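Okay, structure first, notes after.
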Number of protein chains: 2
Amino acid sequence: MRSTGSKPAAENARQGQRHKADFAVRLRAAQLRPTQQRLALARLLFSGGDRHVTAEDLHGEALGAGARLSLATVYNTLHQFTQAGLLRQVIVDGDKIHFDTNTGEHHHFYVEDDGVLIDIPGSDVRIEGLPKAPSGKEIERVDIVVRLKSRS
Amino acid sequence: MRSTGSKPAAENARQGQRHKADFAVRLRAAQLRPTQQRLALARLLFSGGDRHVTAEDLHGEALGAGARLSLATVYNTLHQFTQAGLLRQVIVDGDKIHFDTNTGEHHHFYVEDDGVLIDIPGSDVRIEGLPKAPSGKEIERVDIVVRLKSRS
DNA sequence: CTGTGTGCAAACTCTTTGCATAAGT
DNA sequence: ACTTATGCAAAGAGTTTGCACACAG
């Protein structure tokens with residue numbers, strides 16, 4: 001992971017107000033009204049580095065941060081964000097859907113014991129010998145999940 | 001089914017019944033009693049080539065084939081088979097668990113439109129540049145899922 | 001016989017949905 | 001004002017579980 005689109009700290013520091021506005025602009029660009037709930041979730045999701053959350057995680061976090069929203073809204077919002085390309089879903093277990101703020105090409109370690117996801121930069125990994133898609137189909141995405149267990 | 005009396009091992013050697021006996025032996029090796037239901041499912045799963053099924057699929061198939069068993073038993077059996085190493089789970093969508101009769105190293109195409117899985121032989125594929133597992137963890141398995149969509 | 005497996009239905013988890021209310025523009 | 005989101009609670013899908021009965025050894 002190099003200089004991939006990360007903004008220099010200077011730009012962020014330039015204008016204190018800009019942060020909030022950024023999220024609003026970003027939401028608007030996705031044709032989503034910047035409501036309080038969506039802004040709160042966007043702030044939690046996109047303020048720091050890349051994150052992996054489940055709906056429940058994020059709901060709890062939002063409540064803890066003082067936001068007032070329902071789990072249903074979190075689900076709705078996560079799906080809207082996903083559809084808008086701000087998030088991506090990661091399927092690793094049958095139980096929960098994980099949402100990933102890193103929408104670039106990359107893969108995952110999955111720690112089965114505690115359900116934690118860890119990014120593997122896509123640039124590091126090369127896959128060879130993959131057959132091409134059956135006729136009539138095209139490859140939408142290639143996901144690699146490296147399942148980890150604690151060493152005993 | 002047929003003889004209510006004792007089934008001497010000699011019957012296993014009988015040619016005509018060899019198939020069935022094979023399944024019974026296989027189940028027994030996994031410390032699973034070869035009950036009617038388990039035999040019926042084993043027959044459906046392992047008679048032909050490799051298969052991918054969901055619990056509901058298999059239940060419907062079994063009923064269609066004249067077996068009399070409940071969905072709960074199918075779930076129980078699939079998990080027992082999985083634990084015994086006869087099957088393996090494939091997680092590709094959050095909705096259903098797919099069970100794969102191919103327990104060897106291989107990967108999958110996943111056709112998102114209709115939920116169909118297609119094997120990719122593991123021998124064909126090579127992955128390079130994968131970071132090694134974080135300390136304290138070890139790699140249990142590497143799964144590749146190639147998601148396909150219909151070309152428009 | 002004795003213990004294990006099965007069936008049934010209820011319980012459970014995660015996720016989605018419908019509709020009245022609230023908020024955004 | 002007019003439109004779009006939200007909250008709530010109920011519904012929904014897939015899967016699991018508890019217990020009485022049935023079957024395999």
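Proteins come first, then strands; the chains are lettered A, B, ... in the order of their sequence lines, and each starts at number 1. In this text the structure is predicted, and so the values were computed from the model without any measurement.
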Using atom CG of B:L71 as one end and atom C1' of D:dT16 as the other, report the distance to the nearest whole Å. 11 Å
Looking only at the side chain of B:E56 (C-beta and beyond, no hydrogens), which of the listed nucleotides D:dG7, D:dG14, C:dG24 gets closest? D:dG14
Without decimals, in angstroms, what is the distance between B:L69 CG and C:dC8 C1'? 13 Å
Report yes if a side-chain nitrogen or oxygen of A:T73 is closer than 4.0 Å to either non-bridging phosphate oxygen (OP1 or OP2) of D:dG7; otherwise report no. yes
Are any of the side-chain heavy atoms of A:R151 and B:K137 separated by less than 4.5 Å? no
Would you mind checking if A:K149 and A:D113 are paired as a salt bridge, meaning a charged N to carboxylate O distance below 4.0 Å? no
Between B:L41 (CG) and C:dT6 (C1'), how many Å, whole number? 12 Å
Can you figure out which of D:dT16, C:dT25, D:dC8 approaches the side chain of A:R28 most closely? C:dT25
If you find the nucleotide of DNA chain D closest to B:R68 and the one closest to B:A55, which residue's nucleotide is nearer the 5' end? B:A55
Grab the CG-P distance between B:N76 and D:dG14 for me, whole Å please. 18 Å
Can you tell me if the side-chain N/O atoms of A:Q37 get under 4.0 Å from OP1 or OP2 in D:dG7? yes
Nearest to the side chain of B:K96, heavy atoms from C-beta on, is which of D:dG14, C:dG7, D:dG25? D:dG14
Is there a side-chain contact between B:R38 and the phosphate of D:dA24, meaning an N or O under 4.0 Å from OP1 or OP2? no
Does the D:dT3 base have a donor-acceptor partner in the side chain of A:R33 within less than 3.5 Å? yes
Under 4.0 Å, heavy atoms only, any strand: does A:L32 hit a base, just the sugar-phosphate, or nothing? nothing
Protein-nucleotide distance (A:Q31, atom CD; D:dT3, atom P), rounded to Å: 17 Å
Looking at A:E61 and A:R51, is there a salt bridge between them, counting it only when a charged N and a carboxylate O are closer than 4.0 Å? yes
Send over the distance from A:Q89 CD to C:dC14 P, rounded to a whole Å. 16 Å
B:D95 has an atom CG; how far is it from atom C1' of C:dT13, in whole Å? 14 Å
Heavy atoms only, 4.0 Å cut-off, all strands: where does A:H79 land among base, sugar-phosphate and nothing? sugar-phosphate
Does some side-chain heavy atom of A:D93 sit less than 4.5 Å from a side-chain heavy atom of A:H98? yes
With side chains defined as the heavy atoms from C-beta onward, is the minimum distance between A:R43 and A:F23 less than 4.5 Å? yes
Find the distance B:Y75:OH to D:dG18:C1' and express it as a whole number of Å. 18 Å
With a cut-off of less than 4.0 Å, is there a side-chain N or O of B:Q36 near OP1 or OP2 of D:dC23? no
Do the ring planes of B:H108 and B:H52 sit parallel (below 30°), tilted (30 to 60°) or perpendicular (above 60°)? perpendicular
State which of C:dT25, D:dG25, C:dC8 makes the closest approach to the side chain of A:P34. C:dT25
Check whether any side-chain N or O of A:T35 sits under 4.0 Å from OP1 or OP2 of D:dT6, and answer yes or no. yes
